[in-house]
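Right, one structure below, let's go through it.
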Amino acid sequence: MLYMVEMNVNIPHDMPEEVANEIKATEKAYSQELQRSGKWAYIWRVVGEYKNVSIFDVESNEELHTLLSGLPLFPYMDIKVTALCRHPSAI
Ligand SMILES: O=C(O)CC1=CCC(=O)O1
């Protein structure tokens, strides 16, 4: 099942820089492992925003929820999930 996931990151301004950098490094490793597995199929930066648009290819809503809620930045993100299916005009 394919999903478009929009993640808008809002790290609190009063979070110490070292703490934020550690969380971002852990997030990067977590996301790259999922990218290597094929479950996190694409990730793009949205120009001019601390936001990404990603495509996930997972088995179920539950699996997607588990992966997203395990993101180290999860407590600091607004996440919008859109389920996708093949367009009838796609070739
Ligand atoms: O920087 C972001 O958009 C948040 C994020 C998700 C995966 C990652 O490595 O960073």
Side-chain angles (χ1 to χ4, degrees):
M1 298 170 72
L2 290 170
Y3 298 86
M4 176 178 70
V5 180
E6 297 167 69
M7 305 179 202
N8 209 331
V9 186
N10 304 295
I11 294 177
H13 295 296
D14 60 356
M15 180 183 285
E17 194 177 347
E18 320 80 71
V19 175
N21 287 341
E22 178 63 31
I23 297 171
K24 287 179 201 175
T26 312
E27 175 92 4
K28 183 174 183 175
Y30 181 90
S31 78
Q32 290 187 335
E33 189 169 333
L34 288 173
Q35 287 174 64
R36 280 188 284 270
S37 79
K39 291 183 183 295
W40 195 326
Y42 296 98
I43 178 169
W44 292 281
R45 175 64 76 217
V46 176
V47 176
E49 297 182 53
Y50 193 179
K51 174 177 179 174
N52 73 71
V53 174
S54 294
I55 301 293
F56 281 76
D57 186 356
V58 295
E59 293 301 317
S60 63
N61 291 344
E62 288 77 12
E63 182 181 15
L64 182 63
H65 184 77
T66 299
L67 296 181
L68 295 179
S69 57
L71 287 164
L73 281 172
F74 183 75
Y76 312 108
M77 293 198 291
D78 295 318
I79 298 180
K80 180 181 175 197
V81 174
T82 305
L84 303 174
C85 64
R86 187 172 170 81
H87 192 285
S89 301
I91 57 173

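Values below: all heavy atoms of this structure, side chains included; hydrogens, waters and symmetry mates excluded. All ligand and atom numbering here is 1-based and tracks the order in the structure. Along the sequence shown, the residues carry numbers beginning at 1.
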Would a single hydrophobic cluster contain both F56 and V81, if residues Ile, Leu, Val, Met, Phe, Trp and Tyr are joined by side-chain heavy-atom contacts under 4.5 Å?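 In one cluster: yes.
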Mind checking whether I55 and V9 sit in one hydrophobic cluster, side chains of I, L, V, M, F, W, Y counted as touching below 4.5 Å? no
Ligand-protein N/O pairs under 3.5 Å (ligand 1):
unit_1: ligand 1; atom_1: 1 (O); unit_2: R45; atom_2: NH1; d: 3.4
unit_1: ligand 1; atom_1: 1 (O); unit_2: R45; atom_2: NH2; d: 2.8
unit_1: ligand 1; atom_1: 3 (O); unit_2: R45; atom_2: NH1; d: 2.7
unit_1: ligand 1; atom_1: 3 (O); unit_2: N52; atom_2: ND2; d: 2.8
unit_1: ligand 1; atom_1: 9 (O); unit_2: S31; atom_2: OG; d: 3.2

Start with the C-alpha gap between S54 and W44, add the side-chain angles, then the distance that decides, and say whether side chain to side chain donor-acceptor pair (under 3.5 Å) holds. CA-CA 6 Å; S54 294; W44 292 281; over 6 Å; no
Looking at OH of Y42 and CG of D57, how far apart are the two atoms once the value is rounded to the nearest 0.5 Å? 10.0 Å
E63 side chain to E59 backbone, donor-acceptor under 3.5 Å: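 Yes; at least one donor-acceptor contact below 3.5 Å.
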Going by atom types alone, do Y3 and N61 pair a side-chain donor with an acceptor below 3.5 Å? yes
